[in-house]
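All chains are named by letter (A, B, ...) in the order of the sequence lines, taking the proteins before the strands, and each is independently numbered beginning at 1.
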There are 2 protein chains.
Amino acid sequence: MRDEAPRPLTAICNALQEQIAHGLLPQGGKLPAERKLSELFDTTRITLREALGQLEAQGLIYREERRGWFVSPPRLAYNPLIRSHFHAMVAEQGRVPATEVLGARLIPASVEICELLELPALSSVYQIRRARRVDGRLVLYVEHYLNPAYFPGIIDFDLTQSLTDLYSSEYGIHYGRVRFDMVPTALHPEAAAPLKVSAGSPALRITRINRDQHGRLIDCDLEYWRHDAIHVSVEVA
Amino acid sequence: MRDEAPRPLTAICNALQEQIAHGLLPQGGKLPAERKLSELFDTTRITLREALGQLEAQGLIYREERRGWFVSPPRLAYNPLIRSHFHAMVAEQGRVPATEVLGARLIPASVEICELLELPALSSVYQIRRARRVDGRLVLYVEHYLNPAYFPGIIDFDLTQSLTDLYSSEYGIHYGRVRFDMVPTALHPEAAAPLKVSAGSPALRITRINRDQHGRLIDCDLEYWRHDAIHVSVEVA
DNA sequence: TAGTGGTCTAGACCACTGA
DNA sequence: CAGTGGTCTAGACCACTAA
C-alpha cells in the first residue's frame with residue numbers, strides 16, 4: 001500500500017469511519033455541526049455533505065431532518081420466517097420498542113391495495129398508519145390495510161398494541177400464509193415526514209400480504225424501514 | 001392540492017420521473033449530459049446532481065462510472081427459498097445472464113471468513129470472485145469462499161458456469177441448509193470497481209452460508225447487488 | 001481531442017430548532 | 001434569537017470516455 005495523497009472526500013470518510021469504529025463518537029451521539037466539520041477538515045460544506053452522504057449510505061450515520069447527524073445504533077435482526085410482532089421482536093433483542101398511531105380510518109382502497117388484497121373496484125378498507133421506535137429512535141413507518149369484512153370496528157380499539165394480538169383476541173383470526181417483498185428504495189414524502197427525515201433518504205420497503213388460518217387474504221402492510229435500522233435474516237431448510 | 005412554487009430540486013425530480021414513467025426515455029437509455037440537463041432546468045450542476053442522486057436512491061435511474069446516467073431496467077425477483085442458481089433464475093424471468101470470473105485462488109482466510117465457515121485460525125480457503133450481468137448490465141459482484149477440504153482442485157474448472165452444478169457433478173455435494181443475511185449498505189471500492197460504479201453507491205449485501213446434504217458448512221457467498229437491480233420475495237407457509 | 005462526469009471552491013439566503 | 005441544516009449559485013480543474 002503506497003501512501004497516495006487521498007482526495008478530501010475519501011480522507012473525511014476515513015477519518016470519521018475510524019472515529020466511529022473506535023467508539024470515540026458514542027452510538028446515537030450527535031456529530032458536530034456541518035460548518036464545524038467542514039472547517040475541521042478544511043473544506044466546503046458541499047464536499048463535507050458529500051462525505052456524510054456516503055457514510056449515511058453505508059449505514060454508519062443517519063440524519064434527523066434539520067437536527068443534524070448521529071451515529072447509527074446497531075441494526076435490528078428481522079426474520080420473516082419467525083412469526084413475531086414488532087414489540088416482541090424488539091424486546092427479544094434487548095431493545096426498547098414504542099408505537100405511535102398516526103391515524104386510523106375507513107377509506108376507499110387505492111388501485112394498488114385492491115390488487116394486493118384482491119378486492120373489487122371501489123372497495124373500502126381500513127387504513128392504519130403507525131410510526132415505530134427502537135430505543136427512542138424513529139425507524140419504521142407502516143401503513144396497514146385491512147379488509148373490513150373481517151375486522152368490523154377494529155379502529156375503535158387501542159391501536160398502539162400489536163394487531164396480531166387484536167386479531168386473535170377480538171376476532172379469532174390468526175396469521176397463516178404470508179408473502180414478503182423487500183425492495184431497497186427511497187422514502188417518499190408521506191413516509192419521510194413521520195420519520196422526521198428528509199424525503200429521498202434510502203430505505204427498505206417491505207410489503208407483507210397476510211392470509212389467515214383459512215387462507216383468506218385479510219390484510220397487507222406497507223413497511224418503510226430506515227435502511228440502516230435492520231438486517232434481514234432467513235434460514236432455509 | 002395548492003399549486004405552490006416547487007423547489008428546483010423537486011421540480012427536476014418530478015419532471016424526470018414523469019418522463020421515465022411515460023416511457024419517453026427508453027429503459028436502459030442514457031440521459032442527456034449533466035450540463036445539458038442543468039441548462040434545460042435552468043440550474044447548476046450541483047443541484048441537478050442532487051436530484052439525480054434522489055432518483056438513483058429510488059432506483060429509477062443508475063450511474064455508470066464516468067459514463068453517465070441511465071434508466072433502470074425492471075428489478076429481478078430474488079427468492080431465497082427457491083434453490084436456483086443465478087443463470088437459471090435470470091433465464092426464468094426472460095432475461096439474459098452472463099458471468100465473468102475476476103479471479104480464483106487459494107488464500108489465507110480472513111477473520112470474518114473463519115467465523116462464517118467455522119474454520120480454525122490460519123486456515124486456507126478458495127476465493128472465487130465473479131461479476132454477473134443481466135441483459136448486459138453489471139448488477140452483481142460476488143466473492144465465494146469454499147472450504148478446500150470439500151472441493152480439491154475446483155479452481156481449475158471453468159468457473160463461469162454454476163458452482164452448484166460443479167459441486168454436484170464433480171464432488172457429489174448438494175446444498176442443504178442455507179442462511180441468508182441481507183443488509184442495505186454501500187459498495188466498498190473493491191466491489192464498486194468491477195461493477196464500474198463509484199464507490200459508495202447504494203447496494204444490497206446478501207451473505208449466504210451454505211451447508212451440504214450432511215449439514216457440513218461447505219462455503220459462503222458475499223454478494224453485492226446494485227440496490228435497484230432486485231427485489232426479494234419470500235413466501236411463508 | 002472534445003466532451004463528459006467526478007470533484008472541489010467560496011460564497012449566499014431561508015426555514016427551522018433549541019436555548 | 002443565534003445557530004443549524006436545507007438549498008442554491010457560479011464558477012473551476014482534472015481524469016477519463018468515446019469518437
How does each nucleotide of nucleotides 6-11 of chain D score, in 5' to 3' order, for protein heavy atoms under 4.0 Å: base (B), sugar-phosphate only (S), or none (-)?
BBBBB-
When the ring planes of F86(B) and W225(B) are compared, do they come out parallel, tilted or perpendicular, using 30° and 60° as the limits?
tilted
E143(B) side-chain N/O to Q127(B) backbone N/O, donor-acceptor pair under 3.5 Å:
no
Can you establish whether the number of heavy atoms outside K196(B) located under 6.0 Å from its atom NZ is more than 12?
no
Round to a whole Å and report the spacing from CD of E39(A) to C1' of dT4(D).
14 Å
Atom NZ of K196(B) and atom P of dC16(D): how far apart are they, to the nearest Å?
14 Å
Integer-rounded Å distance: dT4(D) P and L37(A) CG
11 Å
Side-chain contact, heavy-atom cut-off 4.5 Å: R208(B) with C220(B)?
no
By the definition side chain to side chain donor-acceptor pair (under 3.5 Å), identify the one residue from Q161(A), R133(A), R130(A), R132(A) that meets it with T99(A).
R132(A)
Check: S162(B) main-chain N/O paired with H87(B) side-chain donor or acceptor under 3.5 Å
no
Between K36(B) and dG3(C), is there a side-chain N or O to OP1/OP2 distance below 4.0 Å?
no
